[in-house]
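Scroll down for the structure; my scribbles are underneath it.
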Amino acid sequence: MSAPKAVLGKDRQEEMEKEKLNMLLIKHLNTIHETFQVLDHSPPSTLKKGSWDDVIKLGEHIYKQATTVGMLWTGDGPNAKALEETMETYSNLLQGFLLLSHGCMIGAGTTLSTCIHSAVKQVIDSSFMLLKESIASYGNSSKAHKLSIPQIVGTVWEACSALKKIPGTNVTAIGRAMTQIAVSIKDVHREMKELKPTSEEAANPDNEVSKPDHDSDNSSEGDLGSDLSPEEMKIAELATEVVSCTLTAIKEVIRSISGLLKNPQTQNESNETVNSLEKLLTICQSMGLQVDEIGACLYPPQEVSAIRTASEKMVSLVGEMQAELEKIKGSSDDFSHSSKGLISSLEQLESALGCSSDDELVSEMENLAVDA
């Protein structure tokens, strides 16, 4: 009878230890969560800005601490005391990590702040997962728990390593965001160049041409965007030129912003400069949305009114872009040339859209006459 009592006593002790560990875990998580909320508010500009290099170094300590947690689960697993001490050390590191990260947000604009917030959240979230799984695994002989911990440790490693990729300045952060917009526009441009006019057989149904049966089976998949009328194809070609000119203009904006990094006057990143850069990014994002809209409306039947609306918005955005670049003295002859080319391509598109609209009106009137 003594053996079962000993087993029961051991089980009861583990339950009590696990309950204590759970209470400590909740306490640590709540404290860290409260500190994390600080990142939602910009720190006072009167404070000294922290160094992101210090955040990276502390991230390396978190990396090592996560490794230590993983090592506890080799063999028979950790005792309660070791797990408690490791959890406390880990929590203290996360607290310092959050405070250091918040200090690096001094003077950060919306884009850089978002980058910092996202990277920090990845470290905190993955660390929370590791601590929770560690406590859940305590006293549990399941192999699934022991296998999951190394995987979560790897997630923490990835989050800590990603800290090295965070931009150190507003200019770099905004430049990267604009580059992503340019990549997206380039993808749209490539898709638009794949649009094709309707085949001669489809345009002249009276001409009987024998086709293999398997072509008709796949027509719904392969012919999307390949049946534009001559008028629609003309609009598609002009719209493709608009997108090409838009891409060129945004590349010139990026080149202008990159030049700011070499200008000693922008090293302190004044509020005026950051505000203008953020507005430029917003303008580029809006242009990207209009490009997406135009691209989506080119497939038959083309939505002429939507294309025209997007084109008109882009004309306005070019003017706003020019104004913001002049504020930071980033306007150049190359940008001026590219913006004029973009305006010219938009005017040609709108002119063609006007003709297309007239044709649609005539067609509608003819249909009404036939119905009457």
Side-chain angles (χ1 to χ4, degrees), residues 178 180-205 215-216 218-251 253 281-321 338-372:
M178 286 188 178
Q180 289 301 312
I181 295 171
V183 170
S184 178
I185 292 176
K186 188 175 182 179
D187 289 341
V188 175
H189 183 246
R190 184 181 63 252
E191 292 175 5
M192 290 171 68
K193 289 196 297 183
E194 294 174 358
L195 293 171
K196 298 176 182 179
T198 185
S199 63
E200 184 177 347
E201 293 84 359
N204 300 282
D215 284 352
S216 59
N218 299 327
S219 60
S220 59
E221 296 180 6
D223 294 344
L224 182 63
S226 300
D227 52 356
L228 276 66
S229 68
E231 294 78 12
E232 290 174 331
M233 194 63 206
K234 179 181 178 182
I235 290 176
E237 290 171 348
L238 291 171
T240 302
E241 179 62 19
V242 166
V243 174
S244 176
C245 291
T246 302
L247 183 60
T248 300
I250 290 181
K251 284 181 178 179
V253 173
L281 176 58
T282 300
I283 292 168
C284 289
Q285 290 170 336
S286 297
M287 294 189 82
L289 290 175
Q290 302 313 315
V291 164
D292 288 342
E293 178 71 8
I294 290 175
C297 293
L298 290 177
Y299 293 93
Q302 289 180 345
E303 301 176 39
V304 174
S305 60
I307 297 174
R308 183 186 295 107
T309 299
S311 177
E312 291 171 352
K313 288 180 180 178
M314 290 186 71
V315 172
S316 176
L317 290 170
V318 173
E320 294 176 22
M321 184 181 288
S338 64
S339 63
K340 288 178 180 177
L342 176 53
I343 291 294
S344 176
S345 65
L346 286 167
E347 289 175 345
Q348 292 180 48
L349 175 60
E350 290 184 12
S351 176
L353 290 172
C355 295
S356 177
S357 179
D358 292 341
D359 292 341
E360 288 181 358
L361 182 59
V362 170
S363 178
E364 289 177 5
M365 292 179 67
E366 289 176 348
N367 291 334
L368 289 172
V370 170
D371 294 338

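Values below: every heavy atom of this structure, side chains too, minus hydrogens, waters and symmetry copies.
One distance of note links OG1 of Thr240 with CD of Glu194; it measures 10.5 Å at 0.5 Å rounding. Atoms NZ and NZ, from Lys251 and Lys186 in turn, are 5.5 Å apart once rounded to the nearest 0.5 Å. Here NZ of Lys196 is found 9.5 Å from CE of Met233. Values are rounded to the nearest 0.5 Å. Considering CD of Gln290 and CE of Met314, their distance stands at 7.5 Å, rounded to 0.5 Å. Rounded to the nearest 0.5 angstrom, Lys193 NZ and Glu241 CD are separated by 11.0 Å. Atom CG in Leu317 sits 10.5 Å away from atom OG1 in Thr282 (nearest 0.5 Å).
Proximity of a side-chain donor or acceptor of Ser184 to a complementary backbone N or O of Gln180 within less than 3.5 Å is not detected. Judged by distance alone, the side chain of Gln302 and the main-chain N or O of Leu298 form a donor-acceptor pair under 3.5 Å.
The two residues Glu232 and Pro301 come nearest to each other via the heavy atoms OE2-CA, 4.1 Å. Here the closest heavy-atom approach between residue Glu350 and residue Ser311 is recorded as OE2-OG, 2.9 Å. Contact between Pro300 and Asp227 at its shortest, heavy atoms only, is CG-OD1, 3.1 Å. Here the closest heavy-atom approach between residue Met178 and residue Ile250 is recorded as O-CG2, 4.3 Å. Of all heavy-atom pairs between Met192 and Gly295, the closest is SD-CA, 4.3 Å. Residues Gln285 and Ile181 approach most closely at CG-CD1, 3.4 Å, considering heavy atoms.
Scored by the salt bridge (Lys or Arg N to Asp or Glu O under 4.0 Å) test, Asp292 finds no partners at all (sequence neighbours excluded).
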Could you list the donor-acceptor pairs under 3.5 angstrom formed between side-chain atoms of residues 339-347 and any protein atom two or more places apart in sequence or on another chain?
unit_1	atom_1	unit_2	atom_2	d
Ser339	OG	Phe335	O	3.2
Ser339	OG	Ser336	O	2.9
Ser344	OG	Gln348	NE2	3.4
Ser345	OG	Gly341	O	3.4
Ser345	OG	Leu342	O	2.7

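Taking the side chain as every heavy atom from C-beta outward, Leu247 and Val243 never approach each other to under 4.5 Å. The closest side-chain heavy-atom distance from Leu228 to Tyr299 is not below 4.5 Å. Using a 4.5 Å cut-off on side-chain heavy atoms (C-beta onward), Asp187 and Arg190 make contact.
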Evaluation steps, side-chain contact (heavy atoms from CB on, under 4.5 Å), between His189 and Thr246: CA-CA 10 Å; His189 183 246; Thr246 302; over 6 Å; no

